[in-house]
Amino acid sequence: MKGHIASISGPTVRAASLDGCFMHEVVLVGDEKLMGEIIRIDPGYAVIQVYEETHGLKTGAPVLRSGELLSVELGPGLLGGIFDGIQRPLEDLHTHWGNFIGRGAAVKRLSHKRKWHFTPSLKVGDPVEPGTVIGTVKETETVTHKIMSPPGVSGKIAFINGGDFSLVNTVAALDSGHKFSLRQRWNIREPRPNGGRLPFTVPLITGQRVLDTLFPIAEGGSAIIPGGFGTGKTVLEQTIAKFASADIIVYVGCGERGNEMTDVLHEFPRLKDPYTGRPLMERTVLIANTSNMPVAAREASIYTGVTIAEYYRDMGLRVALLADSTSRWAEALREISSRLEEMPGEEGYPTYIASRMAAFYERAGRFICHGRPGEQGAITIIGAVSPPGGDFSEPVTQASMRTASTFWALDYGLAYQRHFPAINWRTSYSLAAPNLAPWYEANAARGWGAMVSETNSILQREEELLEIARIVGMDAMGEPERVAIEAARLIREGYLRQSAADPADSFCSRTRQRQLLAIFLYYARALESAQRGGAALEKILAAPMTERVLRAKYLAEEELETESEVIKTQTAAWFAREET
Ligand SMILES: Nc1ncnc2c1ncn2[C@@H]1O[C@H](COP(=O)(O)OP(=O)(O)OP(=O)(O)O)[C@@H](O)[C@H]1O
Ligand SMILES: [Mg+2]
């Protein structure tokens, strides 16, 4: 079980004489027992990626096999947890950023001391199949954690006990001798089994108007947020983490700035889940492998995140996984690949980058629960992509575009004008939108599809008109065209633009989106018909209701109905005066 270090290259180590080792086996490297994983086996050597800084390692130092695959520990206590890329808790993150885990620290993950109240769902003699719920633990105020029989385990209950238990106590056993505790382990490289995929029919509401209205994402779908430096990827990921209509949020901060994760840690415990009113951290798991942390653990962080997401999905919950930024993950793959002297593909990324990205996004979906055909769970994956120079033709953006069904492109120009979220409404798209249309008709508003088309055509017409105006000058444009441009401006500024920093505007419920869009479309039509009825352009552009329309987004649902009536009355009065 013991070999030794033959050579060291950055985060990778070659070990000799590791007889019987296997791919993805966890090993302990050097005298400090740094944790690593076998990622290649050559004749006579195993190549290991080490999850800690490799400085100080010496050739000849021992390498120990563990006989285990790299796995996460799954059970109560994940929610509210903050972990590094290989699920080591980062409890001291607030105070000791950068130097918070001792090297070679024995890996402790979830607390084995804390007691949880286990309520059995079965009794002696009941049959158990993989996925059967043997009991429950109230993990937080709103999340009931199902203790499930792991894949591959079946039999009849021989004993089962309710009461307070730690994660590692035995709570039940099968006639076969298999013992259940409140935890299970799962290899992060292997997707957890499911009972089959289901079509997309329900949207994941993000509370962001431009996304939910124009480019909706399905529950179980996947989206990418590509954007150049400073275009708002992190703010958007964090805003979605706060407001998404999901039961569980797994947020993976991957290779990004440490202070951004500390911001999340300070902010989330103070914020409330808009759907349950409980603190946000009660539904959130944070995985942080920031730019100052070892590169190999960054590679693993994505898999750790998605495995935890799958575990909650298996309980029949709706999970959203947010990853910021998948480009830093791809860069970790590139660095490790170059250390292995693999043949580089485009821009030095390994040739398997596209298949790795695809395999990650394919773990999103709506699924029948493994072993429980009557239940379903979903994972929605939203990954930020940071193309250098904002150039979307680079390999990571291209590879993720091919697999993600929703594309939310951030735009330098809009960010520069401080139009946030800087989603480019011309280049973004949602392949899921047609599947979600029936849901919106039934749940948002009858005629919602028509309202969205009307919004799209107003925006598109503006684009065409501005193109002409660039050539002939705005003053040479006809009055109907000037009015059309004004209507589009109002939609852009009053509807699409939404400040993440303003508590009154950062989240817009489905109902408010419907109320607001109805006001904008009413007003656009009113301006157009006033123009046709002979109102002067100056009068239209100076209409005092415009200010009210633009500010409507700051109003609450119950105020919006009245506001809409006031706007309508004032509009009628203003233009009636014009006609007489
Ligand atoms: N939705 C928003 N509402 C208000 N301000 C925003 C919004 N999105 C971005 N901003 C502003 O833009 C700044 C940069 O945003 P952010 O850090 O999210 O960009 P980024 O794309 O993640 O950058 P990087 O490429 O450095 O990771 C924020 O600090 C904030 O001032
Ligand atoms: Mg960022």
Side-chain angles (χ1 to χ4, degrees), residues 97 205-215 217 223-244 251-268 271 274 286-293 298 301-302 305 321-332 382-392 394 396-397 400 407-425 427-428 492-509 512-513 516 550-551 553-554:
W97 185 267
I205 303 294
T206 65
Q208 306 305 296
R209 289 184 291 271
V210 59
L211 304 181
D212 294 341
T213 302
L214 298 183
F215 312 108
I217 180 173
I224 60 167
I225 310 179
F229 175 71
T231 47
K233 301 177 289 295
T234 302
V235 172
L236 193 56
E237 289 272 5
Q238 292 184 1
T239 313
I240 296 174
K242 290 174 199 163
F243 301 127
Y251 190 96
V252 186
C254 178
E256 294 294 290
R257 288 178 289 273
N259 59 353
E260 291 179 342
M261 283 310 286
T262 345
D263 287 349
V264 172
L265 296 180
H266 283 299
E267 202 184 352
F268 275 38
L271 290 172
L286 293 176
I287 316 256
N289 236 99
T290 50
S291 49
N292 54 345
M293 293 164 78
R298 186 195 302 174
S301 64
I302 288 282
L321 175 85
L322 298 137
D324 181 22
S325 154
T326 59
S327 295
R328 307 285 168 247
W329 170 51
E331 283 162 16
I382 301 175
V385 186
S386 324
D391 172 11
F392 291 178
E394 61 90 40
V396 179
T397 314
S400 8
F407 183 70
W408 293 330
L410 293 174
D411 189 274
Y412 269 132
L414 290 171
Y416 184 73
Q417 295 163 32
R418 302 207 58 79
H419 172 113
F420 290 117
I423 300 286
N424 183 325
W425 54 88
T427 51
S428 299
R492 277 192 287 108
E493 293 189 3
Y495 191 80
L496 300 186
R497 202 168 179 169
Q498 185 173 357
S499 170
D502 186 328
D505 193 34
S506 54
F507 172 70
C508 192
S509 71
R512 273 175 70 223
Q513 297 197 27
L516 275 173
L550 283 174
R551 299 196 55 79
K553 61 181 167 186
Y554 300 110

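Each ligand, and each atom within it, is numbered from 1 in the order the structure gives. These numbers were taken from a predicted model, which means no experiment stands behind them.
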Atoms of ligand 1, numbered as shown, that sit under 4.0 Å from any heavy atom of [X]:
X	result
Ala500	1 (N), 2 (C), 3 (N), 4 (C)
Phe229	25 (O), 26 (O)
Arg418	11 (C), 31 (O)
Thr234	18 (O), 20 (P), 22 (O), 27 (O)
Glu256	27 (O)

**Request:** Before accepting this row, confirm whether a basic side-chain N of the pair Glu267/Lys242 lies closer than 4.0 Å to the acidic partner's carboxylate O.
**Result:**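 Between Lys242 and Glu267 there is a salt bridge, with a charged N closer than 4.0 Å to a carboxylate O.
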**Asked** With the threshold set at 4.0 Å, does a side-chain nitrogen-carboxylate oxygen contact exist between Arg209 and Asp505?
**Response** yes
Is the closest N or O pair between [X] and ligand 1 shorter than 3.5 Å?
X	result
Gly230	yes
Gly232	yes
Ser499	no

**Asked** Does a side chain donor of either Asp324 or Thr234 reach within less than 3.5 Å of an acceptor in the other side chain?
**Response** yes
Tell me which protein heavy atom sits closest to [atom], plus the residue, atom name and distance to 0.1 Å.
atom	value
atom 18 (O) of ligand 1	Val235 N, 2.8 Å
atom 20 (P) of ligand 1	Lys233 N, 3.5 Å
atom 5 (N) of ligand 1	Phe420 CD1, 3.4 Å

**Pairwise distance CD1(Ile423) to CG(Leu410) - rounded to 0.5 angstrom** =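 One gets 4.5 Å once the value is rounded to the nearest 0.5 Å.
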**Asked** Is atom 22 (O) of ligand 1 less than 4.0 angstrom from at least one protein heavy atom?
**Response** yes
**Asked** Closer than 4.0 angstrom: is that true for some heavy atom of Gln238 and an atom of ligand 1?
**Response**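 It does not, in that no heavy atom of Gln238 comes within the 4.0 Å cut-off of ligand 1.
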**Message:** If we check side chain to side chain contact (heavy atoms under 4.5 Å, CB included) with Glu394, which of these qualifies: Pro388, Pro226, Ser386?
**Reply:**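 Single pass found, and it is Pro388.
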**N, O or S atom of Ser386 closer to the Mg ion (ligand 2) than 2.8 Å** = no
**Non-hydrogen atoms of Ser428 and Phe215 that approach each other most closely** = O-CE2, 3.2 Å
